[in-house]
> 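Here you go, one structure.
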Amino acid sequence: MRILLATDAWEPQVNGVVRTLTRVVQELREMGHTVEVIHPGQFKTFPLPTYAEIKVAIGVYEPVQERFKAFEPEAIHIATEGPIGLAARRICVEWKLPFTTSYHTRFPEYVSARLPLPLAAGYAYMKWFHKPSGRLMVATPTMRDELTRHGFRNISSWSRGVDTQTFRPRQEGEPDVFEGLTRPLFLYVGRVAVEKNIEAFLSLDLPGTKVVVGPGPQLDELKAKYPKAVFTGPKSGQDLASAYACADVFVFPSLTDTFGLVILEAMASGTPVAAYPAPGPIDLIPGSGAGALAPSATEGLRDACLEALKLDRAQVRRFAEGFSWRACAEDFVRNLQPYPEPQKTRFWRRLRRLARVRRRRPEIA
């Protein structure tokens, strides 16, 4: 198929949404699909207030419309609810094109953590945005149930994957990237931002050393407040994989993620996970032998960290091996709503004819 993906989250951003989308696009192309990605790097942008690392595209509607016309997609997926997603949604609604969407971030909770806006306002916007979607893809059963309670419809499951070749246990003789730090070593990887609830981890009374890997707007504040913790800044590729593999426990304190791809990356590295019972951890960890959950969303994370220390790292790795990016991409394709034949051919032919007529009009005048 000719698949168009519209997203406000793309490289060089570093987060689970971008890693998911870039890897799925790679898999789709290897499966024989033609994929066109509309992303912020193709437009003028400005830094998101309170989060300069994220660039927001401006003046996108007409250029996005032209990209639709030039590519003539058979299936359209809108991954995010920002300016590019809004432009693509408007085009699909106005042109009566079927499309799908996905729910990657608990956007209402994310906004409420940063701005004095009620959750109800955030959910009203999200329901409006996703209502025309033929399918709303979510990563976990917990997220599906949560959105159903909020009145969302047409929800479908979309699994996640992990690169088990890049993220793997540390082998004998390989260097310990945290050599010299007191063990046990408790690791967090991700954006250093208020919605990630990192202070819930940094404030714990734990033995050993706490390490935070990642960039973000809260980095300087947390460095000053928790001088005993080690902040490495961002890591990628083999450096990131080594950080996972050399940690004793991966700690995931976030309550706003819909999955937490970093959880699978840690598990693939053989590192057990301690987390709150939020969407993602609560779907992956129980019964896996790969992590430990706190009893509630506010208490018990310290005990979960200490419990995770006791787990068999070989079992943690075995659990992660059950997730693949090819299965994730196949899920994605099954959920798409392609424009049926022959309506598709008639629609794009009519649009091309109208475009030719509009181009001729100035000459006639």
Side-chain angles (χ1 to χ4, degrees), residues 14-16 50-53 113-114 167 169-170 174-257 260-263 265-267 269-278 280-281 285 290-311 313 316:
V14 179
N15 55 52
T50 78
Y51 205 149
E53 289 90 343
R114 293 174 167 273
F167 300 103
R170 179 183 167 210
E174 290 183 339
D176 176 4
V177 297
F178 298 126
E179 187 175 1
L181 297 179
T182 305
R183 296 280 176 169
L185 194 138
F186 298 91
L187 174 70
Y188 165 85
V189 172
R191 293 200 308 270
V192 184
V194 63
E195 71 276 3
K196 294 297 187 177
N197 198 29
I198 302 169
E199 282 201 78
F201 161 48
L202 292 174
S203 63
L204 295 177
D205 178 19
L206 288 170
T209 307
K210 303 184 187 86
V211 176
V212 173
V213 173
Q218 211 184 9
L219 185 60
D220 290 339
E221 175 194 337
L222 294 181
K223 274 185 177 181
K225 192 170 181 180
Y226 298 96
K228 292 183 179 179
V230 176
F231 294 83
T232 71
K235 289 182 180 290
S236 60
Q238 188 54 52
D239 289 340
L240 177 60
S242 296
Y244 280 123
C246 294
D248 295 299
V249 172
F250 181 78
V251 186
F252 188 77
S254 175
L255 300 171
T256 60
D257 285 66
L261 190 60
V262 288
I263 295 172
E265 291 173 350
M267 289 176 173
S269 307
T271 301
V273 177
Y276 286 119
I285 290 176
L293 282 182
S296 77
T298 56
E299 297 178 349
L301 186 59
R302 178 183 184 274
D303 291 340
C305 289
L306 298 177
E307 186 65 29
L309 274 174
K310 305 172 187 175
L311 295 176
R313 295 178 70 94
V316 175

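Treat the numbers as computed from the prediction; the structure is a model and nothing was measured. Residues: numbered from 1 along the sequence shown.
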> Going through the distances and angles, do K223 and V212 end up as a side chain to side chain contact (heavy atoms under 4.5 Å, CB included)?
CA-CA 10 Å; K223 274 185 177 181; V212 173; over 6 Å; no

> To the nearest 0.5 Å, what is the distance between CD1 on I198 and CZ on F231?
8.0 Å

> May I have the list of side-chain donor-acceptor pairs in residues 236-250 shorter than 3.5 Å, sequence neighbours left out?
{"residue": "Q238", "atom": "NE2", "partner": "S242", "partner atom": "OG", "Å": "3.2"}
{"residue": "S242", "atom": "OG", "partner": "Q238", "partner atom": "O", "Å": "3.0"}
{"residue": "Y244", "atom": "OH", "partner": "E265", "partner atom": "OE1", "Å": "2.7"}
{"residue": "D248", "atom": "OD2", "partner": "R183", "partner atom": "NH1", "Å": "3.0"}
{"residue": "D248", "atom": "OD2", "partner": "L185", "partner atom": "N", "Å": "2.6"}

> Output all residues satisfying side chain to side chain contact (heavy atoms under 4.5 Å, CB included) with A278, sequence neighbours left out; order by chain, then residue number.
L255

> Tell me every residue that passes salt bridge (charged side-chain N to carboxylate O under 4.0 Å, His left out) with K310, counting only those two or more places apart in sequence or in another chain.
E307

> Tell me, please, which residues at least two apart from R313 pass side chain to side chain contact (heavy atoms under 4.5 Å, CB included).
T271, P272

> Taking the side chain as every heavy atom from C-beta outward, state whether V273 and P281 have any atom pair closer than 4.5 Å.
no

> Quick one: side-chain hydrogen bond (donor to acceptor under 3.5 Å, both in side chains) partners of N15, sequence neighbours excluded?
Q13

> Which atom names give the shortest non-hydrogen contact between G300 and P295, and what distance separates them?
CA-CD, 3.7 Å

> Using the side chain to side chain contact (heavy atoms under 4.5 Å, CB included) rule, take F252 and D257 through it: C-alpha gap first, then chi angles, then the decisive distance, then the call.
CA-CA 10 Å; F252 188 77; D257 285 66; 3.8 Å; yes

> Taking side chain as C-beta onward, heavy atoms only, is L206 less than 4.5 Å from L306?
yes

> With a 4.5 Å limit on heavy-atom distance, are the side chains of C305 and L204 in contact?
yes

> Do you know which two heavy atoms are closest between V14 and R191, and how far apart they sit?
O-CG, 4.5 Å

> Residues two or more places apart in sequence or in another chain: which of them pass salt bridge (charged side-chain N to carboxylate O under 4.0 Å, His left out) with K225?
E199

> Looking at P277 and A294, what are the two nearest heavy atoms and their distance?
CD-O, 3.4 Å

> So, for V189 and V262, which heavy atoms are closest and what is the spacing to 0.1 Å?
O-CG1, 3.8 Å

> What are the two closest non-hydrogen atoms of V192 and G214, and how far apart are they?
CG2-O, 3.3 Å

> Run the side chain to side chain contact (heavy atoms under 4.5 Å, CB included) test against T209 and tell me which residues pass, sequence neighbours left out.
L181, T182, V211, V230

> With the side chain counted from C-beta on, respond yes when I285 and M267 share a heavy-atom pair under 4.5 Å apart, and no when they do not.
yes

> If you look only at pairs with a residue in residues 174-219, which of them pass as a ring pair (Phe, Tyr, Trp, His ring centres under 6.0 Å), with sequence neighbours excluded?
none

> Report the residues that fulfil salt bridge (charged side-chain N to carboxylate O under 4.0 Å, His left out) with E299, sequence neighbours left out, ordered by chain and then residue number.
none

> Considering all heavy atoms of both residues, which atom of A200 and which atom of Y276 are nearest to each other, and what is their separation?
CB-OH, 3.6 Å

